[in-house]
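Source: prediction; values computed, not measured. We number each residue from 1, following the sequence as shown.
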Amino acid sequence: MRKPRPVKLYIFDADGTLRRTTVAGQPCPNKEGEWELIPGVRERLARIEWGKGATGAHFGVASNQGGVGMGYFSYETAYALLWEMARQAWGREPPEGAIQMCPHAPFAGCPCRKPKPLMLIRLMHRFGVRRDETLFVGDMDRDEEAARRAGVPFAWAHEFFEWDTAAGGESPPVANQTPVL
């Protein structure tokens, strides 16, 4: 029996996986001050040996940001919010190319919007990591489908972060229960 390869690249969805909006009825933050890390994220990520160069694991973020394409906020704002989220979650600046986002409106037919796998594939190429050395963590069916299409293992955010789902939810209580764009 073949031993599984260690994870060298962890890819995370953003909204509902690493962060949550603090504005009721809004699926994702549109500006600074409208989000927070989900409790327990920073602590769980701190248990992983993150590396530099060839040692330790790498991280990336793959996030649909359809609000850009719908005109709710700019590409620059969406990227800055994801960058700051990553900085807070990992306690350091994300490496160049570690944040991939789809800025297109839902149903625009672009090649990068999850459940299509392009963002995951770009991250694997960026870090020179094989499919069987990658894990994608997300909270929605389209995240799971993107992992399947990319040929990488998938973990549900509530399992990866060990959230208490006894109350029937997939994440800790949030101000917003609207599906993410």
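Proximity of Glu133 to Val152: side-chain heavy atoms (C-beta onward) are nowhere separated by under 4.5 Å. For the pair Lys114/Phe136, a side-chain contact is recorded, criterion being any heavy-atom separation below 4.5 Å from C-beta on. Side chains of Arg149 and Lys116 form a contact here, defined as non-hydrogen atoms less than 4.5 Å apart. In this structure, Thr17 and Phe160 have side chains that are not in contact, with every pair of non-hydrogen atoms separated by 4.5 Å or more. Residues Trp156 and Val137 are not in side-chain contact: their nearest non-hydrogen atoms beyond the backbone lie 4.5 Å or more apart. At least one side-chain heavy atom of Arg126 sits under 4.5 Å from a side-chain heavy atom of Pro95. Residues Ile11 and Leu9 have side chains in contact (heavy-atom distance under 4.5 Å, counting atoms from C-beta outward).
Here the SG-CH2 distance, from Cys28 to Trp35, works out to 13.0 Å after rounding to the nearest 0.5 Å. Here CE of Met85 is found 7.5 Å from CG of Leu37. Values are rounded to the nearest 0.5 Å. Within the model, atoms CZ of Arg122 and CD of Gln100 stand 5.5 Å from one another, a figure rounded to the nearest 0.5 Å. Atom-to-atom distance recorded for Ile99:CD1 and Tyr79:OH is 4.5 Å, nearest 0.5 angstrom. Distance check: Asp139 CG to Glu159 CD gives 12.5 Å after rounding to the nearest 0.5 Å. Between atom CG of residue Asn64 and atom CE of residue Met140 there is a gap of 9.5 Å, rounded to the nearest 0.5 Å.
No continuous path of hydrophobic side-chain contacts links Leu120 to Leu118 [ILVMFWY only; heavy atoms under 4.5 Å].
Within a 6.0 Å sphere centred on CD of Glu43, heavy atoms belonging to other residues, nucleotides or ligands number more than 12.
Contact between Phe161 and Gly40 at its shortest, heavy atoms only, is CD2-O, 4.4 Å. Summarising the geometry of Thr134 relative to Pro153, their closest heavy-atom pair is O-CD, 3.0 Å, with the distance given to 0.1 Å. Counting all heavy atoms, side chain and backbone alike, Gly138 lies closest to Asp143 at CA-OD2, 3.5 Å. Of all the heavy atoms in Met70 and Pro106, the pair that sits closest is SD-CD, 3.6 Å. Annotation for Met119 and Cys112: closest pair CE-O, 3.4 Å, computed over non-hydrogen atoms.
When each of Arg20, Arg19, Arg42 is paired with Glu36, the salt bridge (charged side-chain N to carboxylate O under 4.0 Å, His left out) condition holds for Arg20 and for no other. Only one option out of Phe59, Tyr10, Trp90 pairs with Leu45 in a side chain to side chain contact (heavy atoms under 4.5 Å, CB included); it is Trp90.
The ring pair (Phe, Tyr, Trp, His ring centres under 6.0 Å) check on Phe127 picks up His58, with sequence neighbours excluded. Residues passing the side chain to side chain contact (heavy atoms under 4.5 Å, CB included) test with Val68, sequence neighbours excluded: Gln65, Phe73, Tyr75, Ala78, Pro103.
Taking the ring axis of Phe154 as reference, the NZ or CZ atom of Arg148 does not stay both within 45° of it and closer than 6.0 Å to the ring centre.
Checked by atom type and distance alone, the side chain of Lys8 never pairs as donor or acceptor with a backbone atom of Gly56 at under 3.5 Å. A side-chain donor-acceptor contact under 3.5 Å links Thr21 to the backbone of Glu34. Asp13 places no side-chain N or O within donor-acceptor distance of the main-chain N or O of Ser63, the cut-off being under 3.5 Å.
Between Glu145 and Arg142 there is no salt bridge, since no side-chain nitrogen of the basic residue lies less than 4.0 Å from a carboxylate oxygen of the acidic one.
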